[in-house]
Amino acid sequence: MKEISKYQRLRKKLIENSDPELARQMESYMRNKFKFYGLKTPERRKSYHDLIKLEKANKKIDWKFLDQAWVDEHREAQYFVCDYLIALEKYLKFEDIDHIFNYVKSKQWWDTIDSLIKPIGNIGLRDDRVSDLMLVWSKDDDFWVRRVAIEHQLLRKDKMNVELLNAILENNLGNSEFFINKAIGWALRDYSKTNPDWVKNFISKHHTEMATLSIKEGSKYLS
């Protein structure tokens, strides 16, 4: 009897735990852009916990497996890919960003984009080449690619590359795109917890160029 593939095992687990009514609700929430099996985050992650545990033991990224999951028409399969990359991030290297970029460029929406920033950001803590790449991405024609660049340093705290943050944000000022202006605000809000003076000065300096949304989000924790 032929052994089923890792992707087939993943799909079987997701189907076993699916909830059709919840799937309809999730599809509606995501503007019917994607199909869903219908699993809330805890149940979804529990479904493939053992699969990821086995992958960690292998100590390498199985890109064929991830590519199969990514093309699945159900959104939970893309969430699996994101969770997998986050769980195995220490095995990622700079060259792997080319592969992650394929995920950034397809099935685009805020949910996967905001998860894919995490492995890219962690690679950046180990490899300075990511900084130069994010500068390039910050000027890309695709606003989702720019959003990754803006957000990839979230939660860096005192490890923040402030010069890079400043350059990336300046490259995206004067923008009418909601998802860019929201990302700018989030980046500023997050860093304001570590360096509120820097954020105050940035907003003061660029006030006339910034969207109201960016200023509102960025100022949330400022006195």
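Not measured: the values here are computed from a predicted model.
A salt bridge does not link R24 with E27: none of the charged nitrogens is closer than 4.0 Å to a carboxylate oxygen. A salt bridge links R147 and D114; the closest N-O separation between the charged side-chain nitrogens and carboxylate oxygens is under 4.0 Å. Contact check on K107 versus E73 returns no salt bridge, with no Lys/Arg side-chain nitrogen under 4.0 Å from an Asp/Glu carboxylate oxygen. Taking the charged nitrogens against the carboxylate oxygens, R146 and D141 have no contact shorter than 4.0 Å, which rules out a salt bridge.
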Show which side-chain atoms of residues 201-208 pair as donor or acceptor with protein atoms under 3.5 Å away, not counting sequence neighbours.
{"from": "N201", "atom 1": "ND2", "to": "D197", "atom 2": "O", "distance (Å)": "3.2"}
{"from": "H206", "atom 1": "ND1", "to": "E209", "atom 2": "OE2", "distance (Å)": "2.8"}
{"from": "H206", "atom 1": "NE2", "to": "E170", "atom 2": "OE2", "distance (Å)": "3.0"}

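Side-chain polar atoms of D72 and Y7 form a donor-acceptor pair below 3.5 angstrom. Side-chain atoms of R11 and Q8 form no donor-acceptor pair, as typed in the model, at a separation below 3.5 Å.
Between the side chain of S47 and the backbone N or O of E43 there is at least one donor-acceptor pair closer than 3.5 Å. Using a distance-only test at 3.5 Å, with no hydrogens or angles considered, a donor-acceptor pair links the side chain of R156 to the main chain of G121.
Taking the six-membered ring for Trp and thresholds of 30 and 60 degrees, Y191 and W198 have ring planes more than 60 degrees apart, a perpendicular arrangement. Note on ring orientation: taking the six-membered ring where Trp is involved, the planes of F143 and F179 are parallel (angle under 30°, cut-offs 30° and 60°).
With K182 as the partner, the salt bridge (charged side-chain N to carboxylate O under 4.0 Å, His left out) test is satisfied by one option alone out of E151, E177, E217: E217. A side chain to side chain contact (heavy atoms under 4.5 Å, CB included) with M26 is found for one member of R75, E76, K40 and no other, namely E76.
When every heavy atom of I100 is checked against every heavy atom of L116, the shortest pair comes out as CG2-CD2, 4.2 Å.
Heavy atoms of other residues, nucleotides or ligands lying less than 6.0 angstrom from NZ of K193 number more than 12.
In this view, D127 and R129 satisfy the salt bridge (Lys or Arg N to Asp or Glu O under 4.0 Å) rule, not counting sequence neighbours.
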For this session: Could you check V148 against W144 for side-chain contact (heavy atoms from CB on, under 4.5 Å), going step by step and ending with a plain yes or no?
Result: CA-CA 6 Å; V148 172; W144 290 116; over 6 Å; no

